[in-house]
Visitor: 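Have a look at this one.
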Amino acid sequence: MNEVVIAFEMKDFSTLGCAYYIAREEKLCLMEDIKMATLDIIDTLKLHAQPTVVLISTRSDEKLEEHLNMEARGINRGNDANDVFGLYVLDSRPSTEFYYEGARNKLMNLDIIAEVGSGMTLTTPEGDLLETSSAEHRSAGRQGRLLRLGGWIDLDSRVSIGCAGAILSYLSRRKTIDYLPNDQAALVAFRVRSIEMFTLSDMMFINADTLASLQIIQSENHPNSHMQGLNKSTSGAKESLSVYGLFHHLASTPQGKQKLRQLFLRPSIDLSVIEERQKTILVLLRPENQPALEKVVRSLKKIKNIRTVMIHLQKGVNDAPGSGAAIYRGAWASIQSFTFHVLKIIEAIQELNDGSTLKITNQILTDIHPHQLNQIGQMVTQTVDFVRSAEQHRTVILPGVDEELDNIKRTYDGMDSLLTQVAIRLSNDLPEWAAQYVENCIFFPQLGFLTVVPLDSNTGKGKYEGEGIENDAWDKMFVSNDMGYYKNNRMREMDEYFGDMYGMICDREIEIIHALGVKVLEYEKGVVAASDLCGELDCLVALAVGARHHHLVPPRMTAMNVIYIKGGWHPLQELTVPSYVANDCNIVGGAGDDGEDNKPDELSGSGSMYESVEYPSGLIMTGPNYSGKSVYLKQNALIVYLAHIGSFVPAEKATIGITDKIFTRIATRESISRNQSAFMIDLQQVGLATAFATRRSLIVIDEFGKGTNAVDGAGLACGVFEYFLSLGSERPKLLGATHFHEIFENGFLGERPELSFGHMEVRVDAATQVVEDQITYLYNFVPGRSSSSFGTCCAIMNGIDAKIVERADELILLEARGEDLVAACAQISPKEAQELEAAEQIGRNFLEQEFPQSNRNEFEIRSVLQRILSLGSSPS
């Protein structure tokens with residue numbers, strides 16, 4: 001149910017193909033082949049699909065296998081195997097499974113009904129008439145099926161089609177392993193109901209470093225290792241403090257939470273998609289729509305993912321509750337609640353002002369058929385007796401549904417009086433001395449009618465076992481609580497006449513429930529579509545409720561290559577501090593070859609904090625540690641990110657241009673499995689940005705170069721900044737922070753219109769004796785460069801010994817004067833000089849002392865040594 005199988009193949013070390021299968025949605029997705037691909041795109045695809053199984057060819061490049069092995073779950077790793085914490089299972093399959101021809105034939109033979117209009121007929125070169133029904137698909141010729149397949153996918157994406165073939169082989173193999181022959185559940189397991197193509201061209205490029213650095217999605221493992229399961233559903237993980245976590249709990253349905261996560265993992269660069277989402281949030285948040293929104297939220301909380309329920313119905317798995325209350329969480333209660341509350345949602349949507357202008361509401365009103373839902377709900381309500389089902393721990397049918405079942409139930413319900421009469425008649429037919437031993441008669445499911453006789457404690461036999469009656473064998477069936485249960489002729493006659501009534505009741509109810517399931521599955525497509533639309537609506541409602549709760553505002557999205565933020569704040573940092581100081585940001589990327597006008601309306605006129613610099617593309621932050629530079633960089637990147645998922649943003653006002661990629665060099669994600677130093681990881685992050693950044697990219701570089709020699713680090717940081725700023729009309733938008741002040745003071749990175757500087761304001765009070773009180777951080781952005789980092793003040797505020805900080809201040813002062821630090825460090829204090837002179841004098845006195853060669857017993861060496869020491873310690 002929760003499996004996602006993805007396959008990668010790279011041909012000629014450059015062309016990348018990918019396909020993945022979502023078991024819950026029974027959908028196969030194929031990507032358009034990507035030319036000149038790199039391994040970083042594979043990381044983006046893994047974030048896109050969130051796979052549990054990864055398939056590669058045995059002929060895959062070794063680098064591809066090593067790259068995928070880093071996060072795999074213990075495949076041929078020897079002592080380094082990690083079967084619990086890996087993200088997926090890596091499976092190498094024979095290269096023949098990735099062949100294009102075989103994969104295309106498998107796709108052609110899939111039994112899928114095309115999403116085309118009724119009455120459409122496809123004419124093939126062979127003369128086949130290809131109708132849109134499944135039966136016609138199976139009987140169509142090869143060219144007809146190929147023509148149909150070409151309408152679903154791009155047949156020129158040969159590598160991705162080969163990956164799809166490998167996935168189909170894997171699914172067939174899994175079905176053979178997991179299910180026995182003739183198992184009905186195998187007919188619906190791992191089947192493909194739809195095929196679609198996807199491309200990365202309409203999504204913002206992000207990687208795992210960006211997600212981790214900006215804390216967009218951040219899972220937290222269960223603290224007890226025994227609770228950390230092998231897959232996502234049993235991992236025990238929860239969402240940690242992250243931007244996604246701010247909205248995750250606001251989604252009410254499982255499909256809504258899943259859609260919301262996809263939204264955060266796949267930010268869009270399609271302006272129309274983004275604006276439609278923002279428009280929906282605006283309409284939902286109108287004051288006059290507040291009652292309707294509350295009705296929608298209440299109904300969404302009662303809705304489950306019907307996709308899962310339908311899959312269970314297809315497998316023939318109905319309610320098998322472990323307790324009485326579980327019946328209300330089962331399939332039929334879920335369907336009943338779903339149909340009722342979806343109708344409530346439709347009513348609430350119709351009450352929305354301007355709701356008819358929204359795409360999602362029009363889809364709900366058009367694609368969801370209320371009469372079908374009403375019919376399904378009535379079928380379930382008029383068939384299933386939920387009260388009796390909870391009492392009997394099984395699905396019970398209501399009276400009046402089936403006459404035969406009602407007759408059997410009436411007989412079964414009157415069994416007590418019938419058994420009493422039978423026991424009386426049986427006692428009358430027995431000898432007088434034996435009648436007293438017949439306690440009663442009972443009906444036991446599957447065993448039938450039985451006579452109950454007490455046991456003799458001495459012999460263990462019944463006190464009466466049919467003695468004195470001819471041709472009537474009393475067979476002991478079982479013993480319980482000093483009672484024996486016997487089958488005799490009268491009981492056998494009742495078995496033949498009444499049969500196993502309880503079993504007959506259960507069998508008949510199973511037949512009725514099965515028929516009900518078949519009727520409901522006739523509407524499966526419409527019900528699943530309604531469930532998906534509810535998930536999409538739930539996702540947008542979560543964004544709307546989150547925007548209201550966190551006081552977010554709608555950004556203005558534009559095709560211009562700009563970032564204009566007024567009064568922005570960090571949505572996570574704000575939760576951890578008593579008050580937060582909002583700040584502005586304004587940068588403009590390159591205009592490109594077409595020389596588009598990148599001047600936003602907000603910058604027209606005077607009063608801009610950047611009016612001294614004409615449209616800078618880069619902003620480099622300097623200044624004190626602990627002043628909020630990193631938070632400032634992250635908040636601006638997060639605002640851009642949130643704007644591209646269609647959400648409102650944490651700012652007073654924002655104009656965000658379409659940004660195709662966000663690269664970050666903020667956090668170093670070290671891992672033993674990567675076998676790389678921290679500085680090497682930093683270099684790879686920056687290298688990725690230099691290789692793939694475009695003029696519409698946003699690059700955030702914080703403290704690059706700190707992991708190596710100070711001179712080398714300053715040179716690298718300066719070179720990276722210079723490279724991006726020198727790209728002319730193709731320069732990206734750059735946010736950076738550094739403490740390498742020498743690259744500015746020595747003119748290595750000179751001032752230019754494309755570059756602006758900023759720092760976070762601090763107030764210094766040198767007269768204060770307490771070091772912690774000498775600096776007050778105001779966290780207010782100020783244009784211009786700051787030349788002091790106040791590192792020693794931060795050190796003492798964080799517990800570094802005061803003597804160490806004092807010595808550091810002395811060395812900093814000497815370096816500022818241009819003095820030789822080596823010579824300065826070689827100098828000693830007056831106290832140390834005096835101690836050294838005293839030691840030298842003691843040594844000289846000892847050498848001048850004459851020790852006798854004879855009569856040593858008369859020589860008092862102890863007193864002589866004491867006199868030498870006293871002379872050395874006395875002031876000269």
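Only a predicted model underlies this, so the values are computations on that prediction, with no experimental measurement involved.
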Visitor: Let's go through Cys539 and Leu263 carefully: what are the C-alpha distance in whole Å and the side-chain angles of both, what is the deciding distance for side chain to side chain contact (heavy atoms under 4.5 Å, CB included) to 0.1 Å, and is it a yes or a no?
Guide: CA-CA 9 Å; Cys539 167; Leu263 215 66; 3.5 Å; yes

Visitor: Where the side chain of Asp584 meets the backbone of Gly567, is there a donor-acceptor pair that is under 3.5 Å apart?
Guide: yes

Visitor: First locate atom CG of Leu638, then atom CG of Leu633, and finally report the distance between them rounded to the nearest 0.5 Å.
Guide: 11.0 Å

Visitor: Would you check if the side chain of Thr558 reaches a backbone N or O of Gly657 as a donor-acceptor pair within less than 3.5 Å?
Guide: no

Visitor: State whether the side chain of Tyr564 and the backbone N or O of Val588 hold a donor-acceptor pair below 3.5 Å, judged by distance alone.
Guide: no

Visitor: Rounded to the nearest 0.5 Å, what separation is found between the OG1 atom of Thr659 and the CG atom of Leu698?
Guide: 6.0 Å

Visitor: Could you tell me whether the side chain of His570 and the main chain of Leu572 form a donor-acceptor pair under 3.5 Å?
Guide: yes

Visitor: Return the orientation label for the Phe692 and Phe205 ring planes: parallel under 30°, perpendicular over 60°, tilted otherwise.
Guide: parallel

Visitor: Please give me the minimum heavy-atom distance between Ala654 and Val649, naming the atom from each residue.
Guide: CB-CG2, 4.1 Å

Visitor: Of the non-hydrogen atoms in Leu107 and Leu28, which two are nearest, and what is the gap between them?
Guide: CD2-CD2, 3.7 Å

Visitor: Walk me through whether Met557 and His644 qualify under side chain to side chain contact (heavy atoms under 4.5 Å, CB included).
Guide: CA-CA 9 Å; Met557 299 301 296; His644 281 76; 4.1 Å; yes

Visitor: Look at the side chain of Arg696 and the backbone N and O of Ile658, then say whether any donor-acceptor pair between them is shorter than 3.5 Å.
Guide: yes

Visitor: Between Asn289 and Val283, is there a donor-acceptor pair closer than 3.5 Å when you use the side chain of the first and the backbone of the second?
Guide: yes

Visitor: So, taking the atom named NE2 in His369 and the one named CD1 in Ile376, what distance separates them when rounded to the nearest 0.5 Å?
Guide: 11.0 Å

Visitor: Rounded to the nearest 0.5 Å, how far apart are OG1 of Thr52 and OH of Tyr20?
Guide: 13.0 Å

Visitor: Please name the residue in the list Leu642, Ile656, Ile274 that meets the side chain to side chain contact (heavy atoms under 4.5 Å, CB included) test with Pro555.
Guide: Ile656

Visitor: Compare all side-chain heavy atoms of Met10 with those of Phe8 and state whether any distance is below 4.5 angstrom.
Guide: no

Visitor: Looking only at heavy atoms, what is the nearest atom pair of Pro732 and Ser697, with distance?
Guide: CB-O, 3.6 Å

Visitor: Are any of the side-chain nitrogens in Glu536 or Lys259 under 4.0 Å away from the carboxylate oxygens of its partner?
Guide: no

Visitor: What verdict does the side chain to side chain contact (heavy atoms under 4.5 Å, CB included) test give for His48 and Met31, after you've listed the backbone C-alpha separation in whole Å, the side-chain angles of each residue and the deciding distance to 0.1 Å?
Guide: CA-CA 11 Å; His48 177 89; Met31 181 187 72; over 6 Å; no

Visitor: Quick one, Asp532 with Glu25, criterion side chain to side chain contact (heavy atoms under 4.5 Å, CB included). Give me CA distance, side-chain angles, the key distance, then yes/no.
Guide: CA-CA 10 Å; Asp532 292 342; Glu25 300 180 10; 6.0 Å; no

Visitor: Are Pro616 and Leu755 close enough that some pair of their side-chain heavy atoms sits under 4.5 Å apart?
Guide: no

Visitor: Should Ile701 and Phe724 count as side-chain neighbours, where that means a heavy-atom distance under 4.5 Å?
Guide: yes

Visitor: Using side-chain heavy atoms (C-beta onward) and a distance below 4.5 Å, is Phe648 in contact with Leu282?
Guide: yes

Visitor: Do Met310 and Ser531 touch side chain to side chain, with heavy atoms closer than 4.5 Å?
Guide: no

Visitor: Closest heavy-atom contact between Lys257 and Tyr244?
Guide: O-OH, 3.4 Å

Visitor: Check for a donor-acceptor pair, side chain of Ser729 on one end and backbone N or O of Gly590 on the other, with a separation under 3.5 Å.
Guide: no

Visitor: Looking at Arg665 and Asp209, is any side-chain nitrogen of the basic one under 4.0 Å from a carboxylate oxygen of the acidic one?
Guide: no

Visitor: Indicate yes or no for a side-chain donor-acceptor contact from Arg277 to the backbone of Ile645 under 3.5 Å, with no hydrogens or angles considered.
Guide: yes

Visitor: We want to know whether Thr339 and Asn374 form a side-chain donor-acceptor pair, criterion being a heavy-atom distance below 3.5 angstrom.
Guide: no

Visitor: Is there a side-chain contact between Lys302 and Arg298 in this structure, where contact means two heavy atoms from C-beta onward sitting under 4.5 Å apart?
Guide: no

Visitor: Nearest 0.5 Å please: distance from the CG atom of Leu284 over to the CG atom of Leu358.
Guide: 7.0 Å

Visitor: Is the shortest side-chain N to carboxylate O distance from Asp33 to Lys11 below 4.0 Å?
Guide: no

Visitor: Determine the interplanar angle of the Phe781 and Tyr632 rings, folded into 0 to 90°, and report it as parallel if under 30°, tilted if 30 to 60°, perpendicular if over 60°.
Guide: parallel

Visitor: So does Leu300 get a backbone contact from the side chain of Ser252, meaning a donor-acceptor N/O pair under 3.5 Å?
Guide: no

Visitor: Looking just at side-chain N and O atoms, do Arg24 and Thr308 make a donor-acceptor pair shorter than 3.5 Å?
Guide: yes

Visitor: So, taking the atom named CG in Leu365 and the one named CD1 in Ile360, what distance separates them when rounded to the nearest 0.5 Å?
Guide: 10.0 Å

Visitor: Which atom names give the shortest non-hydrogen contact between Val700 and Ala637, and what distance separates them?
Guide: CG2-CB, 4.0 Å

Visitor: Within the 4.5 Å heavy-atom criterion, are Lys344 and Lys295 side-chain neighbours or not?
Guide: no

Visitor: Could you tell me whether the side chain of Tyr88 reaches within less than 4.5 Å of the side chain of Lys46, counting heavy atoms only?
Guide: yes

Visitor: Checking the side chain of Thr253 only, and the main-chain atoms of Lys301 only, is there a donor and an acceptor separated by less than 3.5 Å?
Guide: no

Visitor: Tell me the closest heavy-atom pair linking Ile281 and Ala544, and the distance in Å.
Guide: CG2-CA, 3.7 Å

